[in-house]
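Step one of this worksheet: look at the structure below.
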Amino acid sequence: MARGNIDVEVIGVRQLTPRVKEFLLRAADGAPLPEYTAGAHIALHTVSGEHGLIVRHYSLVGGQGMEDDPRNVYRIAVQREDHGRGSAHIHAAFAVGTRLQVGPPANNFPLARNDPHVLLIAGGIGITPIYSMARSLHRRRRSFSVFYAGRDAGQMAYRDELVSLCEGEARIHCSNERGHPDLLALLQEQPAGTVVYICGPARMIEAARHAAAELGWPEEQVRSEM
């Protein structure tokens, strides 16, 4: 039987970048929340006085560095969009003590357990599931590297945490300094059998798929949520 929505309370708010806030959501009754795996997301249900019910989906980060969140806490990061009424409401209205509901975790972007080598690619706020995957791969001592692209360093949530976690295996690409990333060259550098997990703007995902096809990679070696 499908589980219904869960009452949670905001217990922490952290400004990650000028446009991204991190929220810690704890079960209102203190009980353990449903478990999840890297790449999972939750549906956040909140009510705006202006727009009524708002439902938005956010990836679960899982913790900070290698320290996992308590079982009764979910961690999400929300980027405020210029024309996004949901993200604008969350940024303006959510504070410690705010009550809301979330749906149980779902995972349309699962990380396989035994890929020979993994390349994680994040664009902008797409870092949220990618950071969670990096934490999982690091913990399990799997072979992986990360490529994180953003407009500039100050806009890139979890940049420092990712670099620290990945111990030299994270590459940061700032487009204001280096232009658009060359994904074909990036894929050409990878060892045989590499599986790519990518989250970011649709154009970036399509560019990665196009580059993989140009190199003759099977379609299943580039995975995304879309």
Side-chain angles (χ1 to χ4, degrees), residues 16-22 38-39 41 57-59 61-62 65 76-84 87 108-112 115-138 142-226:
L16 300 181
T17 76
R19 294 178 59 207
V20 179
K21 283 185 177 181
E22 178 188 81
H41 68 270
H57 296 85
Y58 296 104
S59 295
V61 176
I76 63 170
V78 179
Q79 178 169 282
R80 188 186 70 252
E81 303 295 345
D82 294 337
H83 304 290
S87 62
N108 301 323
F109 191 30
L111 178 64
D115 295 322
H117 178 77
V118 170
L119 171 63
L120 303 173
I121 301 178
I125 195 59
I127 188 59
T128 50
I130 296 301
Y131 182 39
S132 178
M133 291 178 177
R135 295 179 70 252
S136 174
L137 290 162
H138 180 80
R142 303 296 302 176
S143 175
F144 78 101
S145 57
V146 187
F147 183 86
Y148 182 14
R151 185 175 304 164
D152 62 73
Q155 303 287 336
M156 300 172 75
Y158 299 117
R159 175 177 57 91
D160 292 341
E161 292 97 325
L162 184 73
V163 170
S164 177
L165 174 75
C166 294
E167 301 175 346
E169 294 302 322
R171 190 185 309 181
I172 305 299
H173 181 99
C174 299
S175 60
N176 66 333
E177 299 174 355
R178 304 180 62 189
H180 294 301
D182 186 343
L183 297 183
L184 178 62
L186 177 65
L187 266 56
Q188 284 177 317
E189 299 171 2
Q190 304 307 310
T194 293
V195 178
V196 175
Y197 293 80
I198 180 169
C199 187
R203 287 180 299 176
M204 186 179 194
I205 295 171
E206 286 306 310
R209 293 192 180 282
H210 180 78
E214 189 170 335
L215 294 173
W217 289 23
E219 288 185 9
E220 62 270 18
Q221 280 184 236
V222 178
R223 301 172 186 175
S224 69
E225 199 165 11
M226 57 181 290

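Sequential numbering from 1 along the given sequence is applied to the chain's residues.
- Residues Val163 and Ile172 have side chains in contact (heavy-atom distance under 4.5 Å, counting atoms from C-beta outward).
- Here the side chain of Asp115 pairs no donor or acceptor atom with the backbone of His117 at under 3.5 angstrom.
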- Start with the C-alpha distance between Val61 and Ser132, add both sets of side-chain angles, then the distance that settles side chain to side chain contact (heavy atoms under 4.5 Å, CB included), and finish with yes or no. CA-CA 5 Å; Val61 176; Ser132 178; 5.6 Å; no
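- The two atoms that bring Cys166 and Phe144 nearest to each other are SG-CE1, 3.8 Å, heavy atoms only.
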- Message: For a side chain to side chain contact (heavy atoms under 4.5 Å, CB included) check, start with the C-alpha distance between Leu137 and Leu111, then their side-chain angles and the critical distance, and finish with the verdict.
- Response: CA-CA 9 Å; Leu137 290 162; Leu111 178 64; 3.9 Å; yes
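- Contact of the Ser145 side chain with the Leu120 side chain is not registered, since no non-hydrogen atoms from C-beta on lie closer than 4.5 Å.
- Glu225 CD to Tyr197 OH: the interatomic distance, rounded to the nearest 0.5 Å, is 13.0 Å.
- Side-chain atoms of Tyr131 never come within 3.5 Å of backbone atoms of Ala157 as a donor-acceptor pair (strictly under, hydrogens ignored).
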- Determine, step by step, whether Gln188 and Gln190 satisfy the side-chain hydrogen bond (donor to acceptor under 3.5 Å, both in side chains) criterion, reporting the C-alpha distance in whole Å, the side-chain angles of both residues, the deciding distance to 0.1 Å, and the verdict. CA-CA 6 Å; Gln188 284 177 317; Gln190 304 307 310; over 6 Å; no
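- In this structure, the side chains of Ile121 and Val146 stay at 4.5 Å or more apart for every pair of heavy atoms.
- In this structure, the separation between CG on Asn108 and CZ on Arg223 is 14.5 Å, given to the nearest 0.5 Å.
- In this structure the side chain of Tyr158 reaches within 4.5 angstrom of the side chain of Glu22, judged on heavy atoms.
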- Message: Evaluate Gln155 against Cys174 for side chain to side chain contact (heavy atoms under 4.5 Å, CB included), listing each step before the verdict.
- Response: CA-CA 9 Å; Gln155 303 287 336; Cys174 299; over 6 Å; no
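- Two rings, from Tyr148 and His173, have their centers 6.0 Å or more apart.
- The residues Arg151 and Glu177 are annotated as not salt-bridged, no charged nitrogen and carboxylate oxygen being separated by less than 4.0 angstrom.
- In plain terms, the two heavy atoms of Cys199 and Pro129 that are nearest each other are SG-CG, 3.7 Å.
- At a threshold of 4.5 Å between non-hydrogen side-chain atoms, the residues Met156 and Thr17 do not count as touching.
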Listing, residues 201-222 side-chain donor-acceptor contacts under 3.5 Å, not counting sequence neighbours, or none:
from   : atom 1 : to     : atom 2 : distance (Å)
Arg209 : NH1    : Val222 : O      : 2.9
Arg209 : NH2    : Ser224 : OG     : 3.0
Gln221 : NE2    : Thr194 : O      : 2.7

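- If you take OH on Tyr58 and OG on Ser87, they are separated by 5.5 Å, rounding to the nearest 0.5 Å.
- Atom CG of Leu16 is separated from atom CD1 of Ile125 by 7.5 Å, given to the nearest 0.5 angstrom.
- For the pair Met133/Val118, no side-chain contact is recorded, criterion being any heavy-atom separation below 4.5 Å from C-beta on.
- Rounding to the nearest 0.5 Å places NE2 of His138 at 11.5 Å from CG of Leu162.
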- For Arg80 and Val20, what are the C-alpha separation, side-chain angles and deciding distance, and is it a side chain to side chain contact (heavy atoms under 4.5 Å, CB included)? CA-CA 6 Å; Arg80 188 186 70 252; Val20 179; over 6 Å; no
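- To the nearest 0.5 Å, atoms CG (Leu119) and OG (Ser143) are separated by 10.5 Å.
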